[in-house]
Every structure is written in structure tokens, then in C-alpha cells.
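Here is the structure we will look at.
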Amino acid sequence: ATLNSAARLRPSAAKNEPFGVIVVDEAAQATEPSTMVPLELARSQRCVLVGDDRQLPPTIFTADCAFAARTLFERLRQRGHAAEMLAEQYRMAPEIS
């Protein structure tokens, strides 16, 4: 499920076994509240956040929600959690990578 559609799983989440691990792709673009929904529903003890905090930030449509613009990815990096950089990437042309 995507971060945005994970909330629809709430009615059946309690009936399911906890997930072993949650993988959040593009985590550097996902606001912290939107990341929390699948983490809560999955009841997992492990989470892998995948993203590049040097690319696009989250999209926030109103200044009233600017407090929610921080990502879990950013918070964990600021708290000293290590980030692993990929040695190779396959999605962009080598001359711009």
C-alpha cells in the first residue's frame, strides 16, 4: 500500500499478523505524519526508510501545515542515525548521477 492509502487498511489491520519489516520508499519526500500511519498499522519492530534528502522536500499546500513539513527521515538523521548511501544507482544517466 502507499502511504496515502494505508489508512484504508485500518479496519482489517488488527486482524492481520504484524509485518516483519516496513519499507518506506521516497521517505525523504514523505511528511512525518504520513509515514506514521503505515508504521502504526503494521505493528512492525523494524522500518527501512529509503530516500534522498538532497532531492525534493515534501509538498505542503498551506503555510498552516508547515510544522508537518519535516520528514521522519530528516528527524532520524538529525538525531544521529546513520544513513547508508548506495554505491550504485540505476535510475538516472551516469553523467548526472
Side-chain angles (χ1 to χ4, degrees):
T2 65
L3 293 177
N4 291 329
S5 67
R8 292 185 214 151
L9 302 174
R10 187 175 301 277
S12 63
K15 301 172 195 166
N16 296 331
E17 292 290 321
F19 282 74
V21 65
I22 296 296
V23 177
V24 179
D25 193 15
E26 300 295 350
Q29 277 190 285
T31 63
E32 192 167 354
S34 69
T35 305
M36 289 290 133
V37 173
L39 294 179
E40 177 215 346
L41 294 177
R43 302 182 322 260
S44 175
Q45 297 296 312
R46 300 180 73 194
C47 175
V48 176
L49 301 176
V50 180
D52 184 347
D53 56 346
R54 289 178 263 162
Q55 289 189 9
L56 295 172
T59 301
I60 305 298
F61 293 104
T62 176
D64 295 343
C65 294
F67 72 92
R70 183 166 67 175
T71 68
L72 182 60
F73 193 93
E74 179 183 359
R75 178 195 290 264
L76 293 174
R77 294 280 313 265
Q78 289 173 349
R79 295 283 200 163
H81 288 266
E84 298 289 330
M85 297 299 289
L86 295 176
E88 240 177 286
Q89 61 78 28
Y90 300 95
R91 292 182 6 175
M92 69 174 93
E95 57 273 5
I96 64 171
S97 64

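Note: hydrogens, waters and symmetry copies are ignored here, and every other heavy atom, side chains too, is used. Everything numeric here is computed off the predicted structure, so don't read it as measured data. Residues take their numbers from the sequence shown, with the count starting at 1.
- By the salt bridge (charged side-chain N to carboxylate O under 4.0 Å, His left out) test, R75 is found to be paired with E32, residues two or more places apart in sequence or in another chain being considered.
- Here Q55 pairs with D52 under the side chain to side chain donor-acceptor pair (under 3.5 Å) rule; sequence neighbours left out.
- The minimum heavy-atom distance linking V50 with F73 is given by the pair C-CE1, 4.4 Å.
- Contact between L49 and C47 at its shortest, heavy atoms only, is CD2-SG, 3.6 Å.
- Rounding to the nearest 0.5 Å gives a distance of 10.5 Å between CZ of R43 and CD1 of I22.
- When every heavy atom of G20 is checked against every heavy atom of S44, the shortest pair comes out as O-OG, 3.2 Å.
- Considering only heavy atoms from C-beta on, T35 stays 4.5 Å or farther from T71 through its side chain.
- With sequence neighbours left out, D53 forms a salt bridge (charged side-chain N to carboxylate O under 4.0 Å, His left out) with R77.
- Side-chain contact between M36 and L72 is present, with heavy atoms from C-beta onward closer than 4.5 Å.
- Other residues, nucleotides and ligands place more than 12 heavy atoms under 6.0 Å from the CD atom of Q78.
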